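Since the structure comes first, as structure tokens, the remarks are kept for the end.
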Amino acid sequence: MMRFELYSEEIDDRTVYITGNFNNWNPKDYTFQLKRLDPNNYCIEINDEILPDVIEYKFTKGGWENVELDIYGNITPNRKASKATGKTDDTVEKWRLNWRLFQKEFFPIAEIISEEFYIPQLDRYRKVWALLPYDYYVSQKTYPVLYLQDAQNLFNEGSGYGNWEIDKKLSILAEYGRGDVIVIAIEHGSEERIKEYIFDNDNVANGSEGKNTFASLQTR
């Protein structure tokens, strides 16, 4: 077993997790939740069989928005340890709290693909956005594409269903080199929104059109 010990001067009730190249950098993996020994000290023991020879890792309090920081509030480099040592002894100076310290230079680039993109299955037009990685135009990378509905709510202030701040979340991931994705955001149909998302349930939305909406996504 490899034992990871952690000391943190900052005290709060949030659970501490360890994440790294052994769990696909999942920042809230309940398998890797540290045990709290007292208000400042934590530990976890991990089976050697699932650890690489050189372990890269960080500590979080449940997400990249709640990750460890240095004493000045800056992002820390990945920690590294050799499995052969059998034990680590780490200190976290500060913890990020809910996007408070995101960096605007990592924000994705928001561009309108079409003001009136035609959807033949619905016989309607819809505004479509692209959120591009912050370094898209200077990078030689290729990117996976994620399609999301409800574009009005993903990154716009004052929208009817709230702002879900996808741009801020992508900026946090980009700081850690994990924001390499293009988001295609399709605006919802306002008063037609519920009807377009419901499958064959006229008790919820009379004339439900979910099948047609889903068919339009399959053809993209």
Side-chain angles (χ1 to χ4, degrees), residues 1-108 132-136 138-144 146 165-183:
M1 301 290 284
M2 177 83 172
R3 183 178 175 89
F4 297 82
E5 296 186 355
L6 173 67
Y7 173 84
S8 179
E9 188 69 29
E10 284 198 345
I11 300 173
D12 61 48
D13 293 330
R14 291 176 292 164
T15 301
V16 176
Y17 300 83
I18 187 171
T19 182
N21 58 356
F22 49 87
N23 75 334
N24 293 317
W25 293 96
N26 181 346
K28 193 176 183 179
D29 188 335
Y30 291 100
T31 304
F32 299 101
Q33 177 177 321
L34 274 69
K35 180 180 179 181
R36 191 173 189 177
L37 303 176
D38 60 47
N40 301 103
N41 290 281
Y42 305 80
C43 75
I44 186 173
E45 292 186 343
I46 302 176
N47 194 316
D48 287 345
E49 295 179 359
I50 66 173
L51 295 172
D53 290 336
V54 178
I55 307 158
E56 293 192 40
Y57 63 102
K58 283 183 179 295
F59 296 102
T60 84
K61 291 205 172 183
W64 295 112
E65 73 276 23
N66 297 305
V67 74
E68 60 172 290
L69 302 171
D70 69 17
I71 193 170
Y72 303 106
N74 299 317
I75 289 173
T76 59
N78 292 345
R79 299 178 184 272
K80 292 186 179 181
S82 170
K83 183 169 66 174
T85 63
K87 181 178 178 292
T88 68
D89 187 6
D90 295 307
T91 298
V92 169
E93 301 287 352
K94 291 181 179 293
W95 298 94
R96 172 173 284 178
L97 179 61
N98 294 330
W99 315 118
R100 183 164 50 96
L101 300 172
F102 64 83
Q103 304 295 321
K104 289 189 175 181
E105 60 264 33
F106 292 102
F107 263 48
L132 306 173
Y134 75 99
D135 58 351
Y136 178 80
V138 297
S139 170
Q140 300 300 314
K141 300 175 184 177
T142 57
Y143 301 93
L146 175 65
E165 299 186 336
I166 293 296
D167 52 351
K168 291 183 180 180
K169 295 173 174 63
L170 288 172
S171 75
I172 294 293
L173 292 174
E175 285 185 73
Y176 291 94
R178 309 189 197 288
D180 289 346
V181 62
I182 293 172
V183 174

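Just so it is clear, the structure is predicted and the values come from calculations on it, not from any experiment. Both backbone and side-chain heavy atoms feed into the values below; hydrogens, waters and symmetry mates do not. All residue numbers in this chain count up from 1 along the given sequence.
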**Request:** Take Phe107 and Lys168, measure what side chain to side chain contact (heavy atoms under 4.5 Å, CB included) needs, and give me the verdict at the end.
**Result:** CA-CA 7 Å; Phe107 263 48; Lys168 291 183 180 180; 3.8 Å; yes
**Message:** Working note: Asn23 + Thr19, criterion side chain to side chain donor-acceptor pair (under 3.5 Å); need CA distance, chi angles, decisive distance, verdict.
**Reply:** CA-CA 6 Å; Asn23 75 334; Thr19 182; 3.2 Å; yes
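With rounding to the nearest 0.5 angstrom, the CG atom of Leu34 is 7.0 Å from the SG atom of Cys43. In this structure, Asn41 CG and Lys35 NZ are separated by 12.5 Å, a value rounded to the nearest 0.5 Å. The line from CD1 of Ile71 to CD of Glu9 is 10.0 Å long, rounded to the nearest 0.5 Å. Atom CZ of Arg3 sits about 10.0 Å away from atom CE of Met1, to the nearest 0.5 Å. Here Trp95 contributes atom CH2 and Thr60 contributes atom OG1; the two are 7.0 Å apart, rounded to the nearest 0.5 Å. Here the NZ atom belonging to Lys87 is positioned 9.0 Å from the OG1 atom belonging to Thr85, to the nearest 0.5 angstrom.
For the pair Lys28 and Tyr30, the minimum side-chain heavy-atom distance is below 4.5 Å. The shortest distance between side-chain heavy atoms of Arg36 and Thr15 does not fall below 4.5 Å. At a threshold of 4.5 Å between non-hydrogen side-chain atoms, the residues Ile172 and Arg178 do not count as touching. Side-chain contact between Phe59 and Asn66 is absent, with no heavy atoms from C-beta onward closer than 4.5 Å. Residues Phe106 and Asp135 form no side-chain contact, since every pair of their non-hydrogen atoms from C-beta on lies 4.5 Å or further apart. Trp25 places a side-chain heavy atom less than 4.5 Å from the side chain of Trp64. Within the 4.5 Å cutoff, no side-chain heavy atoms of Pro108 are placed close to those of Tyr134. Side-chain contact between Ile75 and Arg96 is present, with at least one heavy-atom pair separated by less than 4.5 Å.
No donor-acceptor pair under 3.5 Å is formed between the side chain of Ser82 and the backbone N or O of Val54. Panel note: side chain Glu5, backbone Tyr42; no donor-acceptor pair is recorded below 3.5 Å. Using modelled atom types, no side-chain atom of Lys61 and backbone atom of Asp13 make a donor-acceptor pair closer than 3.5 Å. Of the possible polar contacts, one joining the Asn40 side chain to the Ser8 backbone as a donor-acceptor pair under 3.5 Å is found. Checked by atom type and distance alone, the side chain of Asn21 pairs as donor or acceptor with a backbone atom of Glu56 at under 3.5 Å.
Residue-environment remark: CG (Asp38) exceeds the threshold of 12 foreign heavy atoms within 6.0 Å. Taking a 6.0 Å sphere around CG of Leu146, one finds it holds more than 12 heavy atoms contributed by other residues, nucleotides or ligands. Under a cut-off of 6.0 angstrom, the local environment of NZ in Lys83 is crowded, with over 12 non-hydrogen atoms contributed by other residues, nucleotides or ligands.
Take Phe22 and apply the side chain to side chain contact (heavy atoms under 4.5 Å, CB included) test, not counting sequence neighbours, and it matches Ile18, Phe32, Ile46, Leu51, Pro52, Ile55, Tyr57.
Closest approach of Thr31 and Ile44 over heavy atoms only: O-CD1, 4.2 Å. Taking both residues in full, the closest heavy atoms of Ile182 and Tyr136 are given as CD1-CE1, 3.8 Å, listed atom of the first, atom of the second, then distance. Minimum interatomic distance between Asp29 and Tyr17 (heavy atoms only, all atoms of both residues): O-CD2, 3.4 Å. Nearest heavy atom pair, residue Val183 against residue Leu170, reads CG2-CD1, 4.0 Å.
A salt bridge between Arg79 and Glu68 is present, with a side-chain N of the basic residue lying under 4.0 Å from a carboxylate O of the acidic one. At a threshold of 4.0 Å, the pair Asp70-Lys94 does not count as salt-bridged, since none of the basic side-chain nitrogens sits closer than that to a carboxylate oxygen.
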